[in-house]
Each structure stands twice: as structure tokens, then as C-alpha cells.
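Note sheet for the following structure.
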2 protein chains.
Amino acid sequence: MTSLPRRPSMTDVADRAGVSYQTVSRVLNDPHRVKPATRERVQAAIEELGFTRNRAARALRTTRSRIIGVLTDGSSLYGPATTLSAVEAAAHEAGYTTLLASVGPHGASGERTGRELLESGADGIIVIAPHEGMVPALEAIARTTPIVSVTAGAPAIPGATMVTVDQARGARSVVEHLAEAGCRSVVHLQGPPSWFDARGRRAGFVEAVDQLGLDAEITEPGDWSPGSGARIAEALLRGPLPDAVFAANDHMALGLLHVLHARGVRVPEQVAVVGFDDISGAAYFTPSLSTVRQPFDRLGQAAVARLISGLGPAPEEAAPAAAPSGLAADLAPELIVRRSSSLTAPATTDEPPVS
Amino acid sequence: MTSLPRRPSMTDVADRAGVSYQTVSRVLNDPHRVKPATRERVQAAIEELGFTRNRAARALRTTRSRIIGVLTDGSSLYGPATTLSAVEAAAHEAGYTTLLASVGPHGASGERTGRELLESGADGIIVIAPHEGMVPALEAIARTTPIVSVTAGAPAIPGATMVTVDQARGARSVVEHLAEAGCRSVVHLQGPPSWFDARGRRAGFVEAVDQLGLDAEITEPGDWSPGSGARIAEALLRGPLPDAVFAANDHMALGLLHVLHARGVRVPEQVAVVGFDDISGAAYFTPSLSTVRQPFDRLGQAAVARLISGLGPAPEEAAPAAAPSGLAADLAPELIVRRSSSLTAPATTDEPPVS
DNA sequence: GGAATCGATGTGAACGTTGACACTCGGAGA
DNA sequence: TCTCCGAGTGTCAACGTTCACATCGATTCC
């Protein structure tokens, strides 16, 4: 009914406590410099009025917003969503707030999103799961704001630091595992090539099969969805069965498993299947799915740490573009062997707690 | 190496274009009021300098940040993640930016998060998937900022509007479907009771089984995870089999399916199974899972629309707490019948496009 | 032809905060 | 006693923008 009251300002608090606004500011920023008695009066006034600092005014004055912008694709795919969650938590921990911007299906074009992220005055940007559609947005941003990219392979962005999970390494570990299990022919059900992660997985696959001398084949690209996995699996079944299939992610693997089951192909006896991501539920597929788990939590934390260290404590003296040491920090993914690629694996394996 | 240059301001643009800062402002806010020739000069200068408006200064001056705060649980569960994505897209569409804050596993306590969301000066708050842990944060916020809650059942928050998917209705449609299919005894594998959505589903279940006179049982609560679903399923199998099981969400249903399969219980022949959410992949479970699809996209859009309409065009004249008309806007969930509860359903059903 | 009008632009003030500096007061050292 | 110091507090200016009003030349109208 009635309009909400104006937010109280430092002046309001100061009046109530009988001090100047500067003293209020000091109580908030440097409490031990003000006499305990005064401090308590001010704190009481803050409490009574429900005062909170106006972030816009602070940002204006200090030129630092304490906001981290997160640029992501518009989807809610497992990897990006999980990473986002971890980034948010880590940023929060470090006293930063997270601003969300999307490029892609839902979200607007890269250009516009980039401009908006800039306007918002984020101190730094973290890019999650970049694909090619994001590059223009990033180029615009990089001119004035430090960027940390959470996926490798976006080489066009100058000045961007990377914190990544080594996709190729994950793919190699899958192929090695399959070879060890006796598979001689392996098919890679590849992901959308516009995604840098998909390229990394494919590259690791190619490298490993070459090195191990396996019979290899790569299908047409899927779009990460179970449906695409199923579709490609149908096509695959028209030819001779390979010993193993490595799907670009768990969802595509699920589609594949579904089709194999429907056609009476036994997994892993006739075909071994491995996915990528270790999504929630992979351990409970039929059969329980071997996959590559990515440390999304540590990834998010590392990205935030990297970004903040580049930001430096004082705005002037920092040299954000030159983040500490090497340009890329790679985290290792972890192969999780379950029933879908190993008869000796327990029928059910634990999965990590919900996150 | 060198510090990034200071962001250009309107004054910089004005100098370059040989006009006053006010003219620059007008070019941005009210272009047709400035002479075309001048306008073009200013626009050129903007382009050359890569100028973008400083949002902090705007927010300070106008007292409107054009930021929507989103409060969510710290997880990346399917429903919340999908809704978040939709909210971001809708907010972006409406010219708002999305600020993310979490309460829960990762995120900090409700109190602190609430204060931070307030400080950030969001024009309004959207709460996704509230559970009890959020209530304190919300109470603090509601004093000065309009709130739209995206889940029903958070009655403690005065002044909060709700935009929801009717969980009870979804649960009822499941029970009705099962009854029609001839099931006489139904077990509900319930979700965590601290979540308002879980309560809604359970309430709908109870109501429907009462009304239809079915044999009903409710298990101990799960935690949304497949693991919890599997654990509860193990316990369930120690007793006589019911005709059907209604799981609180698809993940728990997946755990259940896994255990049933391992024990050689045939679905749906011996036990029908229905989940809730229609997560990506549900159509490709073994068997393909009947479930209740929630219109998360429309939900996000509706929440943003509701919030913005309450915000009003001008800050003074708006009466945000009193959002238009009824307090709750319920969207209808949609029952999707697949193989797990119906022998006549096709083995594979389409699912919606990735989002 | 002079006043009223309008279109185009400039000037001043303010939003709420912080950093630099100035002031006041009591006590310590000369 | 006078100066110096520091602890505690206050005043001023500025961040970049927008709003309200002022200005100025060129019309238009009677």
C-alpha cells in the first residue's frame, strides 16, 4: 500500500547517534579508531535503523565494486551449473558478490551481454564453459577488466588467465582404461565442436588412441543432450559394434545406454561405455556409468582465487592482466570406473554428496 | 604489466566531442532531443573511447540499481538451476541484471547473505526454491525491498508475492494416473521436509490417496539425491511390494529404479514408478521415467514480470509490496507418462530441447 | 518589429560514501 | 608555561551520473 521507506543513510545513523557521518563510516571501516563508547552508540543506531551501506555509493567513491561478473552460457548444463555454484560460494567467501550474465540460447548476444557486464562495473570477470559464441563479448570486456576463463582453448582472448580441468587428460585416462580392459576398437561420441571442452576431450581421445594403436572412430557431433546421444547411437548400431564407446558427457552416454538396452546389447559385456562429468545419478544408471569426475568445486575456488589475487588489494598498484605465475592452472580430472566398463566393478558405486 | 586505464566517463566523452557532459547524458537517455549532427559526434566519441555508463553512479543518483537479486540454495539441483537460468534470461530481457546469492550448503548463513543482498541495492529479490534456512534472510530483506518467492509455502514472509508451480496438483495428477492404471497401493518416497516444494508434493499425494481410497504409505524423507532414493528403496524392498512408487523427484526415482533393477523387480510390470521434475535424461532412464514436468521457463518469466510490475516505472509512486492482484499465481505442472508407469507408452519419449 | 515560444545546449546541485585534511583537547616533554 | 603530540572527531571535496533550471539563438505570431 504505502511506498517502502527510503533506506537509511550514514547521515541518518549519525544524527541518531549524535555524531558526524564520518564517524559512522569509521565505525564500519576501522572500528578501533573510534572511542568504545561512541562506537557502541553508533552501532546501536545502526541496529535500530537497520542501516546497511549503499554499495553503489561505495563503488562510486572507491572505484571498486566488489562484484565478480560471471559470464556463462544460458543453459543449466551440469558442469556450468555446478561451477557457477562453486564460484558463487568462493566469491562470497572472499567478500565478493556475484553478478550473472548469460550468452546463448536464452541470453542475449555476446556483444550486448559484454557491454552490460562492463557497465555493471564488475572488478573482474569469470567465464564459465566458454564456447565460440562468447568470444566477442570477452574481447570487449578484456579492454578494461581482468578475466579468468574457466575452460581452456579460448586462445583469442588476450590477457585472460585460465583455470581449467584438463579435458584431454581426462579423455586419455578413459582410453587407457579401456585399452587395459582389452578393448581394441573405440568410438568417440563427440560433443558440440563449438565448445572448447568438447574439443579438448576429442583431442585427448585422438592422441591416446593413436599412441595406443587402437581402432578409433569419431561420430558426428552431439549437442550434450541424451537425445542426441540416442540418435547417434542408433546410427552407430547400423554398423559393426565396437568394443567400447566413449561419450563426450554423461547425458549423451545415458542416451546411448538407453538405446543399447533397447536393442538388447549388453553393457559392458558386448560394449563398454564411459561418459564424462560424473553427473548426479551417473552411479545409478543401468548399468552404473564409468565416467570422469571433474573437480568443479576446486575449479570454482581456483578461478576466484586467481581473479582476486590479480585484482590486488589497492586498485592503483595492481596489474590485473598479469596474474601470478603461469597462465594456465590445470586441475586433474579423476577417472571413476563403474560397471559400464568393468565387470569387476561393484554394481553400485558411491557418488559424492549432493552439491 | 601496466595497470588498466581508468574507465572513461561522460566528461571524457564530452571533451572529445566538444560538448558538455549533459549532452552526452542526453544522447544516451533521450537521443531525439539532441541535434542529429551533435548526436553523431557524441556517438562517435563514445565508440572511440569504449565508453560505458557507470552503473554505480547511475544507481546512486536514481536510487534504482536495475539489479534483481536472486536468492537460492547453494546447490545446483535441477529445478533451482533451471529456474535461475530462466530468471536470468527474463531479467536480462527486461533490462535488469541478476545478482546471485546463496544460502545453504556452500553459501553462508541466511543472515549474512540477506544483509549483503540488501547492501547491493537490488531493486527487488526473487527467491528460488526456498527452504526453511532462508526465512531469516528474507525477513531482513522484506523490510525495504520487494520480494517474489518462486515456491509456495513460505508463509512467514510478509509482503512477499508468490509465483509458483502447484506442487500438490502435480502430485495429485500422479496419483490419479496411477489409480487409473489400476494401482491400489502406492508409496510416496518423500523429499526433505524442510523444503517447501517437498511438503507440497507430499500434501498433494496425501490428499489424492485419501480421496481415491488407495492404500498409501510414506517413507522416511530423502535428500533429493539418487543415493537417498536407493537407500530408501532397499528398506522398502524388505516389505511387500506396492503397486506403485511416487518419488519426490526424478533423481530419487533413479536410485529407486536402479535398486529395483538390481533386485530383478520389473518396472512397470511389478511396480510402477513416477518421479517429479522431468530432468534432462528422464526419458532415457531404464525404463523411461514417467514424471511431472514443471514449466521452469515460464516460472522464471512470471517471477520477473511480477517483480518488475511491482517495482513500477518511477521509484516514488510505486507501491512495491502490493503487487498486482492475487497474491499467488500458480502455473500448472504437466504429467508426462512414459514407460515406467505404463506398458502402452512408447519405450522412448521425446523430451524438451536442452535449456 | 517586439514579445512570446521553442529547440538545443550548458550549469549547478545532489545521490551516499570515503580519503585528505583540519580541528580540539588533554597529557607529556622542554 | 609553552610547545608538541596523538587520540578522537569533524569538515570538505570528490567519485559519475541525472534532474531541475538557466541560457541562448532562432523562429513564430500578432
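Just so it is clear, the values below take in all heavy atoms, side chains as well, and ignore hydrogens, waters and symmetry mates.
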> How would you list, by chain and number, every residue that makes a side-chain contact (heavy atoms from CB on, under 4.5 Å) with B/Arg61, sequence neighbours excluded?
Replying inline: none
> Taking all atoms of both residues into account, what is the closest heavy-atom pair of A/Ala302 and A/Val163, and its distance?
Replying inline: CB-CG1, 3.5 Å
>> Show every side chain to side chain donor-acceptor pair (under 3.5 Å) that has at least one partner inside residues 49-58 of chain A, sequence neighbours left out.
In response: A/Arg7-A/Thr52, A/Asn29-A/Arg53, A/Arg55-A/Thr97
Donor-acceptor pairs under 3.5 angstrom involving side-chain atoms of residues 32-40 of chain A: please list them, not counting sequence neighbours.
from    : atom 1 : to      : atom 2 : distance (Å)
A/Thr38 : OG1    : A/Lys35 : O      : 3.4
A/Arg39 : NE     : A/Pro31 : O      : 3.2
A/Arg39 : NH2    : A/Val34 : O      : 3.3

> So, do A/Glu88 and A/His92 sit near enough that their side-chain heavy atoms are less than 4.5 Å apart?
Replying inline: yes
> Between which nucleotides of DNA chain C, 5' to 3', does chain B make heavy-atom contacts below 4.0 Å?
Replying inline: C/dA8 to C/dG16
Which atom pairs, donor and acceptor, lie under 3.5 Å between side-chain atoms of residues 9-19 of chain B and protein residues at least two apart or in another chain?
from    : atom 1 : to      : atom 2 : distance (Å)
B/Ser9  : OG     : B/Thr11 : N      : 3.2
B/Asp12 : OD2    : B/Arg6  : NH2    : 3.1
B/Asp12 : OD2    : B/Ser9  : N      : 2.8
B/Arg16 : NE     : B/Glu48 : OE1    : 2.6
B/Arg16 : NH2    : B/Glu48 : OE1    : 2.7

> Can you check whether A/Leu100 reaches B/Leu84 side chain to side chain, under 4.5 Å on heavy atoms?
Replying inline: yes
> Taking C-beta and beyond as the side chain, do A/Phe51 and A/Leu28 meet within less than 4.5 Å on heavy atoms?
Replying inline: yes
> Nearest 0.5 Å, what's the OG1-CD1 distance between A/Thr161 and A/Ile126?
Replying inline: 10.5 Å
> Closest approach of A/Ala81 and A/Ser76, non-hydrogen atoms and distance?
Replying inline: CB-O, 4.3 Å
>> Restricting to non-hydrogen atoms, name the atom on A/Ile67 and the atom on A/Tyr96 that form the minimum distance, rounded to 0.1 Å.
In response: N-CD2, 3.8 Å
>> Suppose we screen for side-chain hydrogen bond (donor to acceptor under 3.5 Å, both in side chains). Which residues come up paired with B/Ser65, at least two apart in sequence or across chains?
In response: B/Asp123
> Do any of residues 42-58 of chain B sit with a heavy atom less than 4.0 Å from DNA chain C, and if so which?
Replying inline: none
>> Under 4.0 Å, heavy atom to any atom of DNA chain C: which of residues 15-41 of chain A qualify?
In response: A/Tyr21, A/Gln22, A/Ser25, A/Asn29
>> How close do A/Val87 and A/Gly300 get, counting heavy atoms only, and between which atoms?
In response: CG2-CA, 3.7 Å
>> Distance under 4.0 Å to a non-hydrogen atom of chain B counts as contact; along DNA chain D, which nucleotides mark the start and end?
In response: D/dG16 to D/dA20
> What are the two closest heavy atoms between A/Ala101 and A/Leu117, and how far apart are they?
Replying inline: CB-CD1, 3.9 Å
> For B/Ala91 and B/Thr98, which heavy atoms make the closest approach, and how far apart are they?
Replying inline: CB-OG1, 3.8 Å
>> Need the bend value for the helix from C/dG1-D/dC30 to C/dA30-D/dT1: angle between end axes, 5 pairs each end, nearest 10°.
In response: 50°
